[in-house]
Amino acid sequence: MKMMQLTVNKNGDNKVPSAYSRTNPFQAKVLKNINLNGAGSSKETRHIELSLEGSGLSYIPGDALGVVPKNDPELVASLLEEMHWDEKTEVTINKQGDTLPLKEALTDHFEITLLSKKILLAAAEFTENEKLKNLVLVENAAQLKEYTNGRDLLDMLRDFGPWKATAQEFVSLLRKMTPRLYSIASSMAAHPSEVHLTIGAVRYNAHGRDRNGVCSVLVAERTQEGDTLPVFVQPNKHFHLPESQEKDIIMVGPGTGIAPFRSFIEERAVTKADGRTWLFFGDQHAASDFLYQDELEKYQKEGVLTRLETAFSRDSERKVYVQHKMLENSKELFEWLENGAYFYVCGDKQYMAKDVHSALLTVIEKEGSMTPEEAEAYLNAMKEQGRYLRDVY
């Protein structure tokens, strides 16, 4: 760590820019790390509280926190074992010629859980394996794409040997570890010098092996209270509260998509905003997956949260999702939009955000007696006014 960081903000002047950034993250102490899901849940969602004390870092609701993770030690050990590499071998890790022992380089510096066309093309030079040489041919682009999906460096090394490359040649193919970005789940006004995250642990089985999310499982299994995580603030100019405290907000955030909305609600509680707030939250089971239930119900009682609609998909015969709840409340939803409400969506890009988008169009079409084209134009106008905002991943 550079010495200059210790002097940042010692005079308490918040206008001094923090010395910490993506290239020089702050080691934030973990104050709390708890599982939000109850017994019997198929999910594990961690609520993490980190200290920003002495960092000079600040954020606003809607921003993200970058976390620089480390790779799973078991996966690193499997790679070293598979290739009979000596973990102490020094390897060059960048163009500047910096070196690290191989084990440390594979743990801290390189991305080892993702494969790309570029890696496979370069690796084909280090083997006589005909399968790999065929896979990287231009006409087999579709198979190549399919192979890279859900596989990692260890799969490639096991599938296409024997190899005639050194450890250095292999690490030269790898990408630098990229930070993982998470929507911040707290308001600085409510928690000065702290930042909270809501992280779902990613675990799945693919191609005969159990796989783990690099950062989410690091946090779930290998990060204790008192440990530190390297972090930085990533501003998000396209996802923030309205400037006017009087504007109504509608938030759709199932699962970990709740994160920025916890931040929005906390902020509005502290600033005593006049605008109404309406949250749509969904997950599998009310008994085990209602994230932040006590907090949300308390905010509802206090009037900070005007309306709370929940959809628990596995608690009924028919799977009910947040978009169904939107359609059930279409009249009031459209009244809020007509009154200038801002509409926010956070969470899964592949399915949920698309379903919410089409439900929103249905609501506008039905309640505004519009044609599909007119509803589309209405929604586009909302986008242009900055009133339809999405943070999807």
- Item | Note, Glu266 side chain near Tyr299 side chain (heavy atom, < 4.5 Å) | yes
- Between the side chain of Asn129 and the main-chain N/O of Gly161, is any donor-acceptor distance below 3.5 Å? yes
- Item | Under-4.0 Å salt bridge between Lys298 and Glu295 | no
- Item | Ion pair Lys32/Glu194, N-O distance below 4.0 Å | no
- More than 12 foreign heavy atoms under 6.0 Å from NZ of Lys117: is that the case here? no
- Query: Can you name the closest pair of heavy atoms from Ile184 and Ser263 and give their distance?
  - Reply: O-CB, 3.6 Å
- Message: Whether Glu335 and Lys331 form a salt bridge (side-chain N of Lys/Arg under 4.0 Å from carboxylate O of Asp/Glu) is what I want to check.
- Response: yes
- Message: Could you check whether any side-chain heavy atom of Pro69 comes within less than 4.5 Å of a side-chain heavy atom of Met177, counting everything from C-beta outward?
- Response: yes
- Item | Reported CG-to-CG distance for the pair Leu106 and Asp72, which is rounded to 0.5 angstrom | 12.5 Å
- Is a salt bridge present between Lys164 and Glu128, judged by a nitrogen-to-oxygen distance below 4.0 Å? yes
- Message: Starting from Leu241, can I reach Val345 by hopping between I/L/V/M/F/W/Y residues whose side chains sit under 4.5 Å apart?
- Response: no
- Message: Using the ring pair (Phe, Tyr, Trp, His ring centres under 6.0 Å) criterion, which residues pair with Phe290? Sequence neighbours excluded.
- Response: Phe281, Phe312
- Message: Tell me whether Asn140 contacts the main-chain N or O of Leu137 through its side chain, where contact means a donor paired with an acceptor under 3.5 Å.
- Response: no
- Is there side-chain contact between Arg307 and Glu332, with at least one heavy-atom pair below 4.5 Å? yes
- Asn37 (side chain) donor-acceptor with Thr45 (main chain) under 3.5 angstrom: yes
- Note on the structure: Looking only at heavy atoms, the pair that brings Leu337 and Ile364 closest together is CD1-CG1, 4.1 Å
- Message: For Phe239, run the ring-ring contact (aromatic ring centres under 6.0 Å, His included) check against Phe343, Phe264, Tyr342 and tell me which one passes.
- Response: Phe264
- Query: Are the side chains of Val356 and Tyr321 in touch, meaning some heavy atoms are under 4.5 Å apart?
  - Reply: no
- Message: Could you report the tightest heavy-atom contact between Ala286 and Asp315, atom names first, then the distance?
- Response: N-OD2, 2.8 Å
- Query: If you draw a 6.0 Å radius around CD in Glu146, do more than 12 non-hydrogen atoms from other residues or ligands fall strictly inside?
  - Reply: no
- Between the CG atom in Leu333 and the CG atom in Asn329, the distance rounded to the nearest 0.5 Å is 7.5 Å
- Task: Would you mind reporting whether Val68 and Pro179 have side-chain heavy atoms less than 4.5 Å apart?
- Result: yes
- Asp63 side chain to Val233 backbone, donor-acceptor under 3.5 Å: no
- Query: Got more than 12 heavy atoms from elsewhere within 6.0 Å of CD, Gln245?
  - Reply: yes
- Query: Is it true that Ile60 and Ile265 fall in one hydrophobic cluster, defined by side-chain heavy atoms closer than 4.5 Å?
  - Reply: no
- Message: Under 4.0 Å between a side-chain nitrogen and a carboxylate oxygen: does that hold for Arg180 and Glu111?
- Response: yes
- Determine the minimum heavy-atom distance between Trp85 and Thr166, stating which atoms define it. NE1-C, 4.3 Å
- Item | Spatial distance of atom CE (Met83) from atom CG (Leu157) [nearest 0.5 Å] | 5.0 Å
- Note on the structure: The reported gap from NZ in Lys366 to CG in Leu361 (rounded to nearest 0.5 angstrom) is 14.5 Å
- Task: Tell me, yes or no, whether the heavy-atom count around Glu302 atom CD, taken from other residues, nucleotides or ligands under 6.0 Å, exceeds 12.
- Result: yes
- Query: Is any side-chain heavy atom of Val363 closer than 4.5 Å to a side-chain heavy atom of Leu327?
  - Reply: yes
- Query: Do you reckon Leu120 sits in the same ILVMFWY cluster as Trp163, going by side-chain contacts under 4.5 Å, direct or chained?
  - Reply: yes
- Query: Aromatic ring centroids of Phe334 and Tyr378 under 6.0 Å?
  - Reply: yes
- Query: Listed by chain and number, what are the side chain to side chain contact (heavy atoms under 4.5 Å, CB included) partners of Gln350, not counting sequence neighbours?
  - Reply: Asp348
- Task: Report the C-alpha distance between Glu130 and Lys133 in whole Å, list the side-chain angles of each, state the deciding distance to 0.1 Å, and finish with yes or no for salt bridge (Lys or Arg N to Asp or Glu O under 4.0 Å).
- Result: CA-CA 5 Å; Glu130 286 306 315; Lys133 295 208 178 291; over 6 Å; no
- Message: Looking at Arg211 and Asp152, is there a salt bridge between them, counting it only when a charged N and a carboxylate O are closer than 4.0 Å?
- Response: yes
- Query: CG of Leu65 to CZ of Phe26: how many Å apart, nearest 0.5 Å?
  - Reply: 11.0 Å
- Can you get from Leu218 to Val67 by hopping between Ile, Leu, Val, Met, Phe, Trp and Tyr side chains that sit under 4.5 Å apart? yes
- Task: State, with a plain yes or no, whether a side-chain heavy atom of His109 is found less than 4.5 Å away from one of Lys176.
- Result: yes
- Message: Hydrophobic clustering (ILVMFWY, side-chain heavy atoms < 4.5 Å, transitive) - are Leu132 and Leu153 grouped together?
- Response: yes
- Got more than 12 heavy atoms from elsewhere within 6.0 Å of NZ, Lys349? no
- Could you tell me whether the side chain of Pro101 reaches within less than 4.5 Å of the side chain of Glu90, counting heavy atoms only? yes
- Report yes or no: does His196 contribute a side-chain atom to a donor-acceptor pair with the main-chain N or O of Ala259 at less than 3.5 Å? no
- Message: Determine whether a donor-acceptor pair (N or O, by modelled atom type, separation under 3.5 Å) exists between the side chain of Ser51 and the backbone of Lys29.
- Response: no
Taking distance alone, no hydrogens or angles, what donor-acceptor pairs closer than 3.5 Å link side-chain atoms of residues 247-258 to residues at least two apart or in another chain?
residue, atom, partner, partner atom, Å
Asp248, OD1, Arg276, N, 2.8
Asp248, OD1, Arg276, NE, 3.4
Asp248, OD2, Arg276, NE, 3.1
Asp248, OD2, Arg276, NH2, 2.8
Asp248, OD2, Asn339, ND2, 3.1
Thr256, OG1, Tyr393, OH, 3.3

- Scan Leu102, Asp108, Thr107, Leu154 and name whichever one has a side chain to side chain contact (heavy atoms under 4.5 Å, CB included) with Val76. Thr107
- Note: Met352 and Cys346 closest approach over all heavy atoms is CE-O, 3.3 Å
- Side chain of Ser18, backbone of Ser55: donor and acceptor closer than 3.5 Å? yes
- Hey, what do you get for CG (Asn71) to SG (Cys215), rounding to the nearest 0.5 Å? 10.5 Å
- Item | Full working for side-chain contact (heavy atoms from CB on, under 4.5 Å) between Val320 and Lys325 | CA-CA 8 Å; Val320 178; Lys325 289 290 177 184; 4.1 Å; yes
- Do you know which two heavy atoms are closest between Tyr292 and His47, and how far apart they sit? OH-ND1, 2.7 Å
- Message: Counting only heavy atoms not in Glu74 (residues, nucleotides, ligands), do more than 12 fall under 6.0 Å from its CD?
- Response: no
- Item | Lys145 backbone acceptor or donor facing Thr148 side chain under 3.5 Å | yes
- Query: Are the ring centres of Phe160 and Tyr147 closer than 6.0 Å?
  - Reply: yes
- Check: Thr371 main-chain N/O paired with Glu374 side-chain donor or acceptor under 3.5 Å: yes
- Taking the side chain from Asn33 and the backbone from Val219, do they hold a donor-acceptor pair closer than 3.5 Å? yes
